[in-house]
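When a ligand or atom number is given, it counts from 1 through the structure's own listing order. All values reported here derive from a predicted model rather than from experimental measurement.
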Amino acid sequence: MKTAHRLSLIPPYLFAEIDKKKQAAMARGVDIVNLGIGDPDLPTPKILVEALQKAVEDPDTHNYPPYEGTADFRKAVSVYYQDRFGVDVDPATEVIGLIGSKEGIAHIALAFVDPGDVVLLTNPGYPVYNTAAIMAGGTPYHVPIHAETGYFPDFSAIPSDVARKAKMFYINYPNNPTSAVVTKDQLKEAVAFAKEYDILLCHDLAYSEVCYDGYRSISILEIEGAKDVAIEFNSLSKTFNMTGWRIGMAVGAKEAIAGLGAIKTNVDSGVFKAIQKAAIFGLLHPDRQKMIDENNAIFQARRDKVVAGLKHLGWNIEAPKASFYLWLPVPKGYTSAQFAGIMLDECGIVVSPGTGYGEYGEGYFRMTLTAPDERFDVALQRMADKGIRY
Ligand SMILES: Cc1ncc(COP(=O)(O)O)c(C=O)c1O
């Protein structure tokens with residue numbers, strides 16, 4: 001059987017590769033410390049689980065949901081956006097429900113990219129931007145982001161002939177894998193660039209609520225005029241430890257929401273209504289921020305412990321202000337892949353090589369904060385025992 005040419009263009013999904021290696025090590029009896037995947041180890045808040053249980057009992061939730069998300073879910077998203085970001089979005093035309101933000105991030109390209117169109121994306125970056133561009137027949141153009149510029153793109157370095165051919169630009173702050181955050185002025189620059197070249201700006205805000213030290217992430221829609229050119233992807237996955245539930249949303253430019261909706265109508269049938277009900281309960285809950293703060297406090301304490309431990313091992317890094325990720329330089333003399341291999345082979349620790357997020361991730365590796373506290377003690381001790389230092 002011959003697969004489509006486009007499949008040959010898609011690089012192996014990073015986490016699938018890591019998972020294979022991890023499985024092999026486990027089969028050898030290695031006690032693996034998995035710091036590779038950004039999937040919270042903490043449970044969904046109990047009251048959301050109970051809201052789901054109640055909703056499942058209601059036969060009204062058992063039939064097909066509306067493609068675009070229930071009216072109540074879209075309304076809850078608009079209330080959340082007003083409350084959290086001070087942004088108005090019309091639930092009828094500027095909000096759509098998603099089966100997790102990944103689904104929308106992948107499908108949006110099918111609505112806006114024709115063969116030969118350029119899709120701009122930051123590198124290192126979440127791998128789905130690249131594959132979404134390829135699956136739509138577009139040509140990904142990787143915009144490097146570097147530590148020296150806060151992992152924010154230098155728009156002036158993008159050749160204007162490339163920018164003119166571009167239909168979309170994926171950006172993501174708080175950023176995976178670098179954990180970089182942005183200022184409003186930086187987002188203003190992104191909106192201005194998108195306007196200048198008539199590009200759909202796709203802001204991935206999946207880490208919207210995973211913030212530390214009082215930092216608050218920014219919605220692209222807080223920028224004046226952004227709604228003319230931008231769509232934002234958001235998710236309940238990381239906000240409420242609901243990665244397995246598969247529910248997210250996109251908000252922004254009407255044309256972008258309608259285009260995405262047209263694709264989705266033909267490929268999926270929306271999110272189980274009971275899950276949407278539980279999500280509404282979470283988004284509108286008077287203690288929403290309290291739930292989020294309690295969760296973040298756990299990750300923040302972990303972050304501090306791991307950053308301190310890594311400092312002892314020679315990594316002089318700043319604690320990230322958001323996300324689950326530590327983006328760390330590999331010790332001299334190794335590539336990212338070699339170092340990730342050594343961490344697995346010598347210490348039984350899974351980390352992601354920076355190159356899994358693109359070529360500009362070379363020289364780095366990513367460690368997540370989504371494992372139980374004691375596993376970090378184990379990981380740091382094993383690194384010290386094996387003499388792994390920066
Ligand atoms: C940057 C980024 N965007 C989007 C997602 C997708 O999240 P979900 O589909 O669970 O909303 C992830 C998941 O890890 C991510 O890291």
Legend entry - Under 4.0 Å to a heavy atom of K102 - the qualifying atoms of ligand 1, by number: 6 (C), 8 (P), 9 (O)
Inset, instruction - Output the list of atoms in ligand 1 that are nearer than 4.0 Å to some heavy atom of G100, sorted by atom number. - result: 9 (O), 11 (O)
Legend entry - Shared hydrophobic cluster for V95 and F85 (ILVMFWY, side-chain gaps under 4.5 Å): yes
Inset, instruction - Check whether any heavy atom of T243 sits under 4.0 Å from an atom of ligand 1. - result: no
Legend entry - D39, D204, N176: member with heavy atom nearest to atom 3 (N) of ligand 1: D204
Inset, instruction - Determine, for D373 against K305, whether the closest basic-nitrogen to carboxylate-oxygen distance falls under 4.0 angstrom. - result: no
Inset, instruction - Assign the ring pair F365 / F339 to parallel, tilted or perpendicular, where the plane angle (0 to 90°) is split at 30° and 60°. - result: tilted
Legend entry - S237 N/O under 3.5 Å from ligand 1 N/O: yes
Legend entry - Sub-3.5 Å N/O-N/O distance, S101 and ligand 1: yes
Inset, instruction - Can you label the angle between the F272 ring and the H62 ring as parallel, tilted or perpendicular, going by 30° and 60°? - result: tilted
Inset, instruction - List in chain and number order the residues that pass side-chain contact (heavy atoms from CB on, under 4.5 Å) with D88, two or more places apart in sequence or in another chain; answer none if no residue qualifies. - result: Q82
Inset, instruction - Decide whether an N or O pair under 3.5 Å exists between N172 and ligand 1. - result: no
Inset, instruction - Give a yes or no on whether I388 and V307 share a hydrophobic cluster (residues Ile, Leu, Val, Met, Phe, Trp, Tyr; joining criterion: side-chain heavy atoms under 4.5 Å apart). - result: yes
Legend entry - Closest approach of V89 to S78 (non-hydrogen atoms, all atoms of both residues): O-CB, 3.3 Å
Legend entry - D377 and Q381 side chains, donor-acceptor separation under 3.5 Å: no
Inset, instruction - Would you mind finding which of M249, K238, R246 brings a heavy atom closest to atom 9 (O) of ligand 1? - result: R246
Inset, instruction - Check each atom of ligand 1 against the heavy atoms of A206 and keep those under 4.0 Å away; list them by number with element. - result: 2 (C), 3 (N), 4 (C)
Inset, instruction - Return yes when F233 approaches ligand 1 closer than 4.0 angstrom through a heavy atom, no otherwise. - result: no
Legend entry - Per-atom contacts, ligand 1 versus S235 - under 4.0 Å to a heavy atom: 8 (P), 11 (O)
